[in-house]
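Naming: A, B, ... by sequence-line order, numbering from 1 per chain. Basis for what follows: all heavy atoms, side chains included, without hydrogens, waters or symmetry-related copies.
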Protein chains: 2
Amino acid sequence: MTHLTVPVGLGTRSYDILIGPALLTNIGQEIKQRFLGEKAGRVAIVSDDKVAAHHLENLSASLRDAHIPFTPIIVGSGEKSKSFETLQYVVNALLEARLERSDFVLALGGGVVGDLAGFASAIVRRGMNFIQIPTSLLAQVDSSVGGKTGINTAHGKNLVGAFYQPRLVIADSDVLETLPLRQFRAGYAEVVKYGLINQPDFFHWLDTHWKEVFSGGPARMEAIARSCQSKADIVERDEREAGERALLNLGHTFGHALETATNYNAERLVHGEGVSIGIVLAYQFSAYLNLCSPDVSLKVEAHLQKVGLPTTIQDVPGSLPNAEKFLDIIGQDKKVSRGLLTFILTHNLGECFVAENVAPTSVLSFLKQKLGETS
Amino acid sequence: MTHLTVPVGLGTRSYDILIGPALLTNIGQEIKQRFLGEKAGRVAIVSDDKVAAHHLENLSASLRDAHIPFTPIIVGSGEKSKSFETLQYVVNALLEARLERSDFVLALGGGVVGDLAGFASAIVRRGMNFIQIPTSLLAQVDSSVGGKTGINTAHGKNLVGAFYQPRLVIADSDVLETLPLRQFRAGYAEVVKYGLINQPDFFHWLDTHWKEVFSGGPARMEAIARSCQSKADIVERDEREAGERALLNLGHTFGHALETATNYNAERLVHGEGVSIGIVLAYQFSAYLNLCSPDVSLKVEAHLQKVGLPTTIQDVPGSLPNAEKFLDIIGQDKKVSRGLLTFILTHNLGECFVAENVAPTSVLSFLKQKLGETS
């Protein structure tokens, strides 16, 4: 089985996404052939302890074979590493390793490692070369593509960061086999998202083929490539989110609020699960505002339930804030403008649009309904 | 006396530099007319305690007059504020103030405040609008123009940062009157630098008119505008320092090493003084390498001495490292590539070039000579 290539066209910042099996063991040669040629070059590998346990040795062997010296920089796993503290640790480790501007930072891990290492690459020496090696489905289809990097603060998720494109994305489909099923399933929510934004045929394909995507093989590669292509198309038209790119936030405004409300506690909720619930809420909110038929949100909910994803706020274990508090969390989200809220809403299945003028009162009454509060 | 405008042409990131008297008291109107129109908008003012004591009230009054709500964020003065810690403080204060992407961060201060606030603007919400209001001569002619922002780390100066252009630079020539003479003189080293890079006629003009530049009036505005124009020309051709922009580092490799060696202790050395000594060393090093005549470096040294700037390592009070240690500091500087060092050297007065392949052994023997060490 050979690999697929999805090109991301961004002028001088263009790059390829490689998708396929056994890519990890060939990365040293890939870097040598694409970037170094006869030149010497060094790399740093940023990873987390869990991912490193599975894959660091394979990646290291590949770099050794290509005679590329490297320094591993290992952080703790989980969302808590997207912090100023860990950023500072990674930045100092990159400087300590005396990497130069022309050297490469490799992000080996899921969305957390990619966002953190990408942001560190963006700011060390005002910009180092950077390669994404996403090891989770979520990172392969979403966070490793498009150049959004960043960390969280007490005020919310991803409020500090940079637009910074990688030089290459290497999505090894084999590494997904080491993922816990829950993580794989959560990542699948982002795959479905692309269908629900603007490709109803992809959603219908997934509704038929989702079991093969979960079991691996060509259907999984196809789903990953199609997701990456979707994202690349949008990012090419709107790299810095002046407009259309906001569509990629489908499900994320509600989803982020749920993550904040559960303190990013992965026992209770992981990102993709928040997105799954958020997507359903976005479709339901669209129906609530009479923008689309309730049948459409039922279809979406049915598919996500079928694959085993949570679809309601009540699916999140433990106590949660009330509607007022949820609205307050949403208000601090970065997609806010002059008191009105921005949501991704839809007219039909796969016909999403950016709504920049949603009244907070509408959100509040919708949330009260969903939470069973009396107004 | 009306103001001068120097445009910086960078495509969608183009902006103006306004230079002239009494601009500070008109900033509210300027922001309203240029950017806000009828829209509401908020600003944060990032400044340091010393600058705020002189100018915050005037700026605040101007914003109040224009009915623009604002939040002041005040940091300690001095290079130590270019730290991760202070960056985090400013970032959190901007988020706390709930500024949105379309709002404005105003950097009111010298190079430290501009670099710090610019970097915070680059990373909060992945990029806020940002206006430089430089209050030192150094910041007006150099650091506020061209989009280099950043902080220092234990490994060296400006090793962490971003290329991030302001939307506007407002250089009020009146505010320079509140500068201590030593600071003004240090900033003047950066003015001379432009002549010495590639404009010998500007150097000769300064050699004749420097007293008027120090005393104020049209010659000062002229010197500032000409410096900004010089920098804009270079930045327009090479925004991200792929090549020519490195010329602006004339004097800075040696200069930064001196600043590191004195722990950024402003009692012993301020940035512009380091640059003054660094420029002389760069010219002397060029002569040492037989690239230019020793007469040329003598001319440069004579002019800088005349205005009262330090020109030799021995002019720095207190003990300093030996040549070996200096070289080690220089090696950690970011302008290093594969073991060879990059220096800005010259063929003649105002004929500088980027030398990317300087052998460390040459630097070492030159430094030993300057420090009177026996090899």
Verdict with reasoning, R126(B) to N158(A), per side-chain contact (heavy atoms from CB on, under 4.5 Å)
CA-CA 9 Å; R126(B) 299 199 184 93; N158(A) 297 323; 3.7 Å; yes
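- H155(B) and N92(A) make their closest contact through CE1-O, 3.6 Å (heavy atoms, listed as atom of the first residue, atom of the second, distance).
- Here R101(B) contributes atom CZ and R240(A) contributes atom CZ; the two are 9.0 Å apart, rounded to the nearest 0.5 Å.
- Of the listed residues (T149(A), V124(A), L95(A)), the greatest number of heavy-atom pairs within a distance under 4.5 Å of chain B belongs to L95(A).
- Only the side chain of V91(B) comes within contact range of chain A, with heavy atoms under 4.5 Å apart.
- Considering CD1 of I123(B) and CD1 of I151(A), their distance stands at 7.0 Å, rounded to 0.5 Å.
- Put simply, CD on E96(B) and OG1 on T153(A) are 9.5 Å apart, with the number rounded to the nearest 0.5 Å.
- Looking at residues two or more places apart in sequence or on another chain, you find a side chain to side chain contact (heavy atoms under 4.5 Å, CB included) between S83(B) and E85(B), T86(B).
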